[in-house]
Amino acid sequence: MKLEIRGLTKRFGDFVANDHIDLTIEPGEIHCLLGENGAGKSTLMNMLYGLLDPSEGEVLIDEVPRSFATPGDAIAAGIGMVHQHFMLVPVFTVAENVMLGDESVRGGVFLNRGQATERVRALSQQYGLKVDPEALVEHLPVGVQQRVEIIKALSHNAKVLILDEPTAVLTPQEIEELMQIMRELRDQGTSIIFITHKLREVKAVGDRISVIRRGRVVGTADPSTSEAELAEMMVGRSVKLVVDKEPSTRRDTVLQVEHLTVTDPRGHQVVKDIGFEVRAGEVLGVAGVQGNGQTELVKALIGLIRPDTGVISLDGNDISGHGPRRSLEAGVGYIPEDRSHDGNVGSFSVRENLILDLYRDDRFARGMALRLDDIATNAQERIEEFDIRTESDQTPVSALSGGNQQKVVVAREFSRPLKLLVASQPTRGVDVGSIEFIHRRIIAERDRGTAVVIVSTELDEIYALSDRIAVMYDGRIVGTVTPDIPREQIGLLMAGATDTGEERV
Ligand SMILES: Nc1ncnc2c1ncn2[C@@H]1O[C@H](COP(=O)(O)OP(=O)(O)OP(=O)(O)O)[C@@H](O)[C@H]1O
Ligand SMILES: [Mg+2]
């Protein structure tokens, strides 16, 4: 199936999110879309999938103009989409989820389980998408849940499959598997529109690459184009893909963690007797495959959960279990891994979110009264400094593109003096230009004498920022190493190997 986009335009009020976009998706190609945060990629996809009404322009399928008022229309025309936030029902099985919303059974009171299971099995075999049709979705790792979404789209005979940032939440292993699935689908004639911020992935799997900047297509490239060139096409200037930094000058110990143990709500011990220290002026990177206790470690560090045992001392004072407000007042900055849950209040404006945890600060409040002018000035400065793309500082944060929401969190946390910065996946979903900027800010914070803990599943990010790297596996720190260690060694530690012959630091 050939998909042509002609002059497709989307306006939100005066703002033009897509400006006369022309693109052709050939049958059986992996077409990558690259672009800065807020460039208009998701908006374009939402129009193709019947979620947004185009202001102008048309979509042709095999030369015939088509319009989609609802996702149902798009699905009927052979377009499938996997959203970044999955829409599966956790307590249903894989097969039940795939059958849900299926036109052929809608209206029927019972799902035909046996038939559904067989159908999923057949699809899973045909496309090499390994999954157990009878497994409960809530028990599956994220990468497998995503496979279920793909099977669901294919079960409606999708000929064009849209994947909007599918790799942001996957482990390196799951990303490899997804890319293999994409190649398989392509070879069987499915076209794929693949959105990602990771240039390495684009080069590994793409057949063609289109770049969108500020709502316009600025060019199409082939995958042999270098990462530096692609970055420049996206951002419109040259980008340093790895931040320059001097060796750290370690000073006094700021954070000291001893014998920390945390149990999750289901009663599993997820952090097991951890100890480490971080000094002023250094970055400790915590590497590891998602789900090895990093999330709980971070929550304990900033007081969101109370550890079972152990000491977390900041400048010599135990702050474990004191709650987030006290940690904040003690000078702990926090960039959470899930910005929509823990980072921002979506219905509040950009301006309000930028002072969310500072509203008691003297700068913004005098007694009970908020200093509205200062709050507005602060917003303007932060928006400019962090290049937050928003119509105005009064826009609700939920209307911003994913990466720009992340920039709001980062901008706020860098707005006050910190002793300790705890950043979890600080650049998830953020474009290369903004990664460069955020990385520079983190290093500047280090150089100012802040102790920094970075938790990331991206090894590139761990290497770019860390002075020392602690690797977590199964709730424990299985090794602490310096960043001159080869990637394979870290990979071994991440997989649970305890003796890699490397010297510990
Ligand atoms: N419903 C809406 N109302 C107002 N503005 C919107 C709406 N949806 C999107 N926008 C704006 O349109 C622009 C494009 O957003 P879009 O989500 O398409 O970006 P994107 O390229 O997908 O970015 P990211 O890489 O961060 O996901 C953004 O500036 C966003 O704020
Ligand atoms: Mg998007």
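Whatever order the structure lists ligands and atoms in, that order sets their numbers, starting from 1. Note that the numbering runs from 1 along the sequence shown for the chain.
A salt bridge links Asp19 with Arg216: at least one charged nitrogen is closer than 4.0 Å to a carboxylate oxygen. At a threshold of 4.0 Å, the pair Asp264-Lys299 does not count as salt-bridged, since none of the basic side-chain nitrogens sits closer than that to a carboxylate oxygen. Salt bridge status for Glu458 with Arg428: absent, with no side-chain N to carboxylate O gap under 4.0 Å. Between Glu177 and Lys130, none of the side-chain N atoms (NZ, or NE/NH1/NH2) sits under 4.0 Å from a carboxylate O, so this pair counts as no salt bridge.
With a 4.5 Å cut-off on side-chain heavy atoms, Ile192 and Leu185 count as touching. Annotation: side chain of Met472 is not in contact with side chain of Met494 (no heavy-atom distance under 4.5 Å). Looking only at side-chain heavy atoms (C-beta outward), Thr457 and Gln425 come within less than 4.5 Å of each other. Using a 4.5 Å heavy-atom threshold, the side chains of Leu23 and Ile21 count as touching.
When each atom of ligand 1 is checked for a heavy atom of Gly403 under 4.0 Å away, the hits are 26 (O). Shown in contact with Leu400 at under 4.0 Å from a heavy atom are these atoms of ligand 1, numbered in order with element: 31 (O). Each of the following atoms of ligand 1 lies closer than 4.0 Å to a heavy atom of Ala17: 12 (O). The contact set between ligand 1 and Glu36, taken as ligand atoms under 4.0 Å from a residue heavy atom, comprises 21 (O).
Judged by distance alone, the side chain of Asp222 and the main-chain N or O of Ser224 form a donor-acceptor pair under 3.5 Å. At least one donor-acceptor pair closer than 3.5 Å links the side chain of Thr70 to the backbone N or O of Asp73. Although no hydrogens or angles enter the test, the distance criterion places no donor-acceptor pair under 3.5 Å between the side chain of Lys407 and the main chain of Ser434.
Of the protein's non-hydrogen atoms, Phe15 CE2, 3.8 Å is the one closest to atom 11 (C) of ligand 1. Among all protein heavy atoms, the one lying closest to atom 31 (O) of ligand 1 is Ala399 O, 3.0 Å. Distance from atom 26 (O) of ligand 1 to its nearest protein heavy atom, with residue and atom name: Ser401 OG, 2.8 Å. Of the protein's non-hydrogen atoms, the one nearest atom 15 (O) of ligand 1 is Thr43 OG1, 3.7 Å. Here the heavy atom of the protein found nearest to atom 10 (N) of ligand 1 is Phe12 CE1, 3.4 Å.
Not counting sequence neighbours, Lys10 has no partner by the salt bridge (charged side-chain N to carboxylate O under 4.0 Å, His left out) test.
Contacts between Glu165 and ligand 1 below 4.0 angstrom, taking non-hydrogen atoms only, involve the side chain exclusively. When non-hydrogen atoms are compared, ligand 1 lies under 4.0 Å from the backbone of Asn37 as well as from its side chain.
Residue contacts with ligand 1 do not include Gln405, since none of its heavy atoms lies under 4.0 Å from the ligand. Using a 4.0 Å cutoff on heavy atoms, His197 counts as a contact of ligand 1. Under the 4.0 angstrom criterion for non-hydrogen atoms, Gly40 is in contact with ligand 1.
A donor and an acceptor atom, one from each side chain of Asn404 and Ser401, are located under 3.5 Å apart.
Protein atoms of type N/O/S that fall under 2.8 Å from the Mg ion (ligand 2) number 1 in this view.
Of the candidates Ala39, Gly38, Ser42, Ala168, Gly38 brings a heavy atom nearest to atom 23 (O) of ligand 1.
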